[in-house]
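Proteins come first, then strands; the chains are lettered A, B, ... in the order of their sequence lines, and each starts at number 1. Keep in mind the model is a prediction, meaning the values are calculated, not measured. Heavy atoms only: backbone and side chains are in, while hydrogens, waters and symmetry mates are out.
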Amino acid sequence: MPIRCLIKRLKRHATLVHVKDYRALASFVQENVLGKKPSKYQLCTALNCCAKTQNSSLGSQIHAKIVHIGFDQNLYINSSLINAHVKCGSMGDAMKVFRGIELHDEVSWTSMICGLSQNRQGGKALCLFKEMLATVVRPNCVTYVSVISACTEQESVYRCGELLHAHVIILGHESNNFVVSSLIDYYSKCGRMDKTVVLFGSCISDYVVLNTMISAYNHNQQGEEALKLFRKMLDENVNLSEHTLTSILDACGALTVLQQGKQVHALVTKLGSDYNTFVVGALMDMYSKCGNIDEACHVFDLASYKNNILWTSLITTYAQSGRGVDALKIFDHLLMEKRFYPDHVCFTIVLTACNHSGLIDKGISYFKKMITDYNLAPEIDQYACLIDLYARKGDLKSAKKLMEEMPFYANAVMWSSLLSSCKEYGNVELGTEAAYKLFELEPHSPAPYLVLADIYAAAGLWNRVQSIRKLMDENGIRKSLAGWSRVEVDRMR
DNA sequence: GTAGGGTTAG
C-alpha cells in the first residue's frame, strides 16, 4: 500500500490507530524508506506517520538516516523530526534537533513551542516564545494557539494569556477558531467566564469551539449551562465528537443527574464511541459520582482495551466512593504486576485517596516513590497533595517548608490547606500568614477571613477577632454563605 | 508532482 494511502487511513482513525495499519506502516517504511536513499518528501511523510502512531524507535531510525544522508538542515524535515520526537515524548531529542537548526522559520519555532506545551512544559514554551520574539521570525496564529494553551497549564507567573490575547487582536487572528478555542479554554481555567462568554458569542462556532465551551462550563461548576449547550448541539445536528461525550458525561456526574447520564451512555453505544478510553473513563466517573459504583465497574469490565487512563479511572471510582483503601489496594496490585505505568494524574488521585483515608505516611511514601521509582517530576497538583498531607498530619513546619522550596509559587489551594490545619492545630502565627496570603490571592472570598477569626477566637484573642471583622467591612466582604462558590465552601471543610 | 507546526476530553 502506498504511504499516502496509509496516512489517509490513519487520519480516519485519529484516536484509535489500527494495529494492522501500524504494522504495515512500520514495515513499509523500513523496506522502502530506510532501505534505499529516500527523498525529502518521503522522509517527511514517514516522520509524520511516526508522530501519529507514536513510533519512537522508527522515528529514531529515520533521524539517523537523515543525518547520514545530510538532509539535516532542511526545515521541512527538521520540523517533522521535532514533531515526531515531541509526539513520542522524547523532548531531549526534539530540543537537540531544534538547537541544531541554523536558520529557523515560524514553523520550526512553532513545532518546538507546541511540543513543550503539549508535554506539560508550559513555562519553557513561554520562554522559547519570548526567544522567538527577539528574532526576525514572526509568530503566526498557529504559534499563538500553542503558546496560549501553554498558559493554561498552571496558576503562576506564566499566566500571561491576556497579553497574548491583545497580541492576537492586534494581529487580526481573532477570527481563527483554533485561536478562539485556546483563548476560551485559557479564560475558563482562570475562572474568567465573563471573557469566555464574550469570545464564544462573537465567533462563528464550530464543534471544537462548542466542545471547549462545554468544558469551560464544567470547569466553572456550571453544569446546567453545559447541558443546555449540549441540547442545542443535538437540536442543530452538530457533529458530536468523543470530546463532546466525555465533557457532557462530566457535567452529568457533577450534577448527579443519573437519568441524563444514562441517556448519554445510550448515545455513546449508538455512536460506537465506547472504544474511546476517555469516554469509558467519563462513563465510569459519571456512574460513580451518581453513587452507582457497580455500574461504573461494569463499564470497566466491558471495555475491550484497558490502558493507563482506564486503570486510573477504576482507582478514581473507588477513591471517590469513599473506598480509598480499596483504591490503594488496586493501585498497589497494578504496580506489582508491572503492567501499569502511573502518571501524574494517577498519582494525584492516589495521594488524594491517602489524604481522605487518613493514610498520611503512606501518601508521603507514594510521593517519594513517584520520583524515585517512576522518574516523574512532581507537578503543582502533586505538591498540593503533599502539602495537604503534611498539614493534616499537623506537621505544619514541613508543609510550609515545602511551599517555600518547591519549584512553583504556592497557590490558593495550598494556602487554604495550611490555613485549615492552622485552625485544627491552633497555630495563630502561621494561620495569620496563610490568611493574609489568601486575602491577596482571592480578594473576594470570605472564607479565609472567617477561618482566621475562628483561629483568633479559639486562642481567646478577641481584639484580633474584632479587627478581622473590621477588615471584612473595609474590604466589602460578605459573610453570608449564599454568595460563595462551591469551591470555597469545599475548601472550608 | 510530492513535504512541516495548531484548539477541546482522565
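Without hydrogens or angle criteria, A:N218 side chain to A:Q221 main chain gives no donor-acceptor distance under 3.5 Å. Side-chain atoms of A:Q54 come within 3.5 Å of backbone atoms of A:K87 as a donor-acceptor pair (strictly under, hydrogens ignored).
One finds no salt bridge joining A:K189 and A:E153 here, because no Lys/Arg side-chain nitrogen approaches an Asp/Glu carboxylate oxygen to under 4.0 Å. Between A:D72 and A:K65 there is no salt bridge, since none of the side-chain N atoms of the basic residue sits less than 4.0 Å from a carboxylate O of the acidic one. Using a 4.0 Å cut-off between charged side-chain N and carboxylate O, A:R138 and A:E106 make no salt bridge.
For A:S247, counting side-chain heavy atoms from C-beta on, the closest listed nucleotide (B:dG6, B:dA9, B:dT8) is B:dA9. Side-chain proximity of A:C114 to B:dG5, B:dG10, B:dT8: nearest is B:dG5. Taking every side-chain heavy atom of A:K189 into account, B:dA9 is the closest of B:dG5, B:dA9, B:dA3. The listed nucleotides are B:dG5, B:dG6, B:dG10; the one nearest the side chain of A:D250 is B:dG10.
Distance CZ (A:F129) to C1' (B:dG6): 14 Å, rounded to an integer number of Å. Computed from coordinates, the A:K40 NZ to B:dG1 P distance equals 16 Å when rounded to whole Å. Rounding to whole angstrom units, CG of residue A:N307 and C1' of B:dG10 are separated by 10 Å. In this structure, CG of A:L47 is placed 10 Å from C1' of B:dG4, rounded to the nearest angstrom. Between the P atom of B:dG10 and the OH atom of A:Y275 lies a distance of 16 Å, rounded to the nearest Å. The CE-C1' distance, from A:M112 to B:dG4, rounds to 15 Å in whole Å. A:D185 has its CG atom 5 Å from the P atom of B:dA9, to the nearest Å. Taking atom OH of A:Y318 as the reference point, atom P of B:dG10 lies 22 Å away to the nearest angstrom.
Contacts between residues 204-212 of chain A and DNA chain B, defined by a heavy-atom separation under 4.0 Å, are made by A:V208, A:N211, A:T212.
Nucleic acid contact for A:S108: base, since at least one base atom lies under 4.0 Å from a heavy atom of the residue. Counting any heavy atom pair closer than 4.0 Å across all strands shown, A:S181 reaches a base atom. Nucleic acid contact class of A:C141 (heavy atoms, under 4.0 Å, all strands): base. Within 4.0 Å of A:S80, counting heavy atoms only, lie sugar-phosphate atoms of the nucleic acid but no base atom.
Taking 3.5 Å as the limit, the base of B:dG5 and the side chain of A:N140 contain a donor-acceptor pair of atoms between them. You'll find a donor-acceptor pair under 3.5 Å spanning the side chain of A:N74 and the base of B:dA3, going by distance alone. The base of B:dG10 is paired with the side chain of A:D343 by a donor and an acceptor separated by under 3.5 Å. Applying the 3.5 Å distance criterion, the base of B:dG10 shares no donor-acceptor pair with the side chain of A:T316. For A:D105 against B:dG4, a side-chain N or O and a base N or O form a donor-acceptor pair under 3.5 Å. Judged by atom type and distance alone, A:N176 reaches the base of B:dG6 through a side-chain donor-acceptor pair under 3.5 Å.
Put simply, A:N83 has no side-chain N or O that comes within less than 4.0 Å of OP1 or OP2 on B:dG4. For A:Q118, no side-chain nitrogen or oxygen approaches OP1 or OP2 of B:dG5 to under 4.0 Å. Side-chain N/O atoms of A:S79 include none lying less than 4.0 angstrom from OP1 or OP2 on B:dG5. In terms of phosphate contacts, A:N48 brings a side-chain nitrogen or oxygen within less than 4.0 Å of OP1 or OP2 of B:dG4.
Here A:F278 packs flat against the base of B:dA9; its ring centre is closer than 5.5 angstrom to the base's six-membered ring, tilted by less than 30 degrees.
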Between side-chain atoms of residues 289-297 of chain A and protein atoms elsewhere (two or more places apart, or another chain), which donor-acceptor pairs fall under 3.5 Å?
| residue | atom | partner | partner atom | Å |
| --- | --- | --- | --- | --- |
| A:K289 | NZ | A:D285 | OD2 | 2.9 |
| A:N292 | OD1 | A:E295 | N | 3.3 |

Please tabulate, for side-chain N and O atoms in residues 252-271 of chain A, each donor-acceptor pair with protein atoms closer than 3.5 Å (sequence neighbours left out).
| residue | atom | partner | partner atom | Å |
| --- | --- | --- | --- | --- |
| A:Q260 | OE1 | A:R231 | NH2 | 3.0 |
| A:H265 | ND1 | A:Y287 | OH | 2.7 |
| A:T269 | OG1 | A:H265 | O | 3.0 |

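Counting only N and O atoms by type, the side chains of A:H173 and A:H167 include no donor and acceptor under 3.5 Å apart.
At least one cation-pi condition fails for A:K369 and A:Y374: the charged atom is not both under 6.0 angstrom from the six-membered ring centre and inside a 45 degree cone around its axis.
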